[in-house]
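All ligand and atom numbering here is 1-based and tracks the order in the structure. Numbers here are sequence positions counted from 1.
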Amino acid sequence: MYIALEGIDTAGKSTQIELLKKEFENAVFIKEPGFTKFGEKIREIIFHDEITKKAELFLFLADRAETVEKVIKPNYNKLIISDRSVISGIAYAMEFFDFDLLVNLNRFATDGIFPNFVFILTLDEETLKSRLSQKEHDNIEKRGIKYLLNIQQNMIDTCNRLEIPYQLIPANSTIEAINFRIKKVISEFV
Ligand SMILES: Nc1ncnc2c1ncn2[C@@H]1O[C@H](COP(=O)(O)OP(=O)(O)OP(=O)(O)O)[C@@H](O)[C@H]1O
Ligand SMILES: Cc1cn([C@H]2C[C@H](O)[C@@H](COP(=O)(O)O)O2)c(=O)[nH]c1=O
């Protein structure tokens with residue numbers, strides 16, 4: 001079972017992943033981008049260098065291809081829980097590129113391995129503004145609130161269009177309440 005936690009920047013994904021690590025000790029936890037050695041290097045480029053949108057897209061795809069080949073495929077019989085996935089890959093890029101093109105590129109990069117279930121932590125504008133104001137912004141966060149709120153809707157649209165089952169969870173619920181909901185669903189799968 002391959003499960004992804006999704007949500008725009010500051011939605012609370014890593015906070016939840018840290019809790020799940022203690023609760024599902026046998027699961028394999030991954031993160032996109034930057035889980036592999038190669039991925040660590042490309043994070044630096046994507047977030048801090050001035051590169052074109054097309055180059056950025058291909059770096060995310062290359063990172064995803066590495067993670068699928070080296071981590072997801074060898075562990076596919078286990079519970080895999082990922083901080084971001086192809087859903088982010090498509091949702092962030094579809095502001096600039098055609099949806100069907102992105103699906104095809106991502107199918108090529110992953111050999112068609114997409115998550116079986118997705119949680120999307122959803123932020124309201126006020127909470128997003130407040131959380132973003134508390135951190136330094138990388139190249140993607142610098143695109144602003146409106147861009148990020150569009151991406152959130154793109155994530156939902158992407159799950160619908162790819163027919164991937166998902167659950168929306170308001171990101172302004174307490175950390176414990178979100179954890180409870182996620183844990184309950186995952187426990188039903190394993
Ligand atoms: N449910 C919550 N209620 C209040 N604050 C939260 C909640 N979840 C996370 N936070 C806080 O919001 C901030 C962003 O959380 P976190 O780093 O987990 O988000 P993220 O989705 O992994 O972000 P990014 O994608 O930008 O890495 C942190 O300061 C965290 O402590
Ligand atoms: C996988 C992926 C991510 N992004 C964006 C989303 C965020 O702005 C960053 C990742 O930051 P995090 O703190 O590590 O969550 O990258 C993207 O645009 N395309 C992708 O494929």
Check: Tyr166 ring centroid to Phe119 ring centroid under 6.0 Å = no
request  = Considering only NZ, NE, NH1 and NH2 on the basic side and carboxylate oxygens on the acidic side, decide whether Lys13 and Glu6 come within less than 4.0 Å.
outcome  = no
ask   = Taking the six-membered ring for Trp, are Tyr2 and Tyr76 parallel (under 30°), tilted (30 to 60°) or perpendicular (over 60°)?
value = perpendicular
ask   = What is the closest protein heavy atom to atom 5 (C) of ligand 2, and at what distance does it sit?
value = Ile140 CD1, 3.6 Å
key: Heavy atom of the protein closest to atom 4 (N) of ligand 2 (residue, atom name, distance)   = Phe60 CZ, 3.3 Å
request  = Determine whether Ser187 and Phe24 make a side-chain contact, defined as any pair of heavy atoms from C-beta on separated by less than 4.5 Å.
outcome  = yes
key: Trace of the side chain to side chain contact (heavy atoms under 4.5 Å, CB included) decision for Leu123 with Ile8   = CA-CA 8 Å; Leu123 274 168; Ile8 51 176; 4.0 Å; yes
remark   = Expected contact list for ligand 1 at under 4.0 angstrom, heavy-atom basis, is Asp9, Thr10, Ala11, Gly12, Lys13, Ser14, Thr15, Arg84, Arg131, Lys135, Glu141, Ala171, Ser173, Thr174, Ile175, Ile178
note = among protein heavy atoms, the one nearest atom 7 (C) of ligand 2 is Asp9 OD2, 3.2 Å
request  = Identify whether the distance between the nearest side-chain nitrogen and carboxylate oxygen of Lys135 and Glu141 falls below 4.0 Å.
outcome  = yes
query = Against heavy atoms of Gly89, which atoms of ligand 2 measure under 4.0 Å?
reply = 20 (C), 21 (O)
message = Val28 vs Leu79, test: side chain to side chain contact (heavy atoms under 4.5 Å, CB included). Steps then yes/no.
response = CA-CA 6 Å; Val28 174; Leu79 172 63; over 6 Å; no
query = Hey, mind stepping through Ser82 and Ile3 against side chain to side chain contact (heavy atoms under 4.5 Å, CB included) and telling me if it holds?
reply = CA-CA 6 Å; Ser82 181; Ile3 294 173; over 6 Å; no
query = Does Lys31 reach ligand 2, in the sense of a heavy atom lying below 4.0 Å from it?
reply = yes
inquiry  = Heavy atoms only: which of Arg84, Arg43, His137 lies closest to atom 13 (O) of ligand 2?
reply    = Arg43
ask   = Does Glu40 pair with Arg43 as a salt bridge, N-O distance under 4.0 Å?
value = no
ask   = Hey, is ligand 2 close enough to Glu141 that some N/O pair sits below 3.5 Å?
value = no
ask   = Asn154 and Met94: which non-hydrogen atoms are nearest, and at how many Å?
value = ND2-CG, 3.4 Å
request  = Kindly confirm or rule out an N or O of Arg64 lying under 3.5 angstrom from an N or O of ligand 2.
outcome  = yes
query = How far is atom 11 (O) of ligand 2 from its nearest protein heavy atom, and which residue and atom name does that atom have?
reply = Phe47 CZ, 3.8 Å
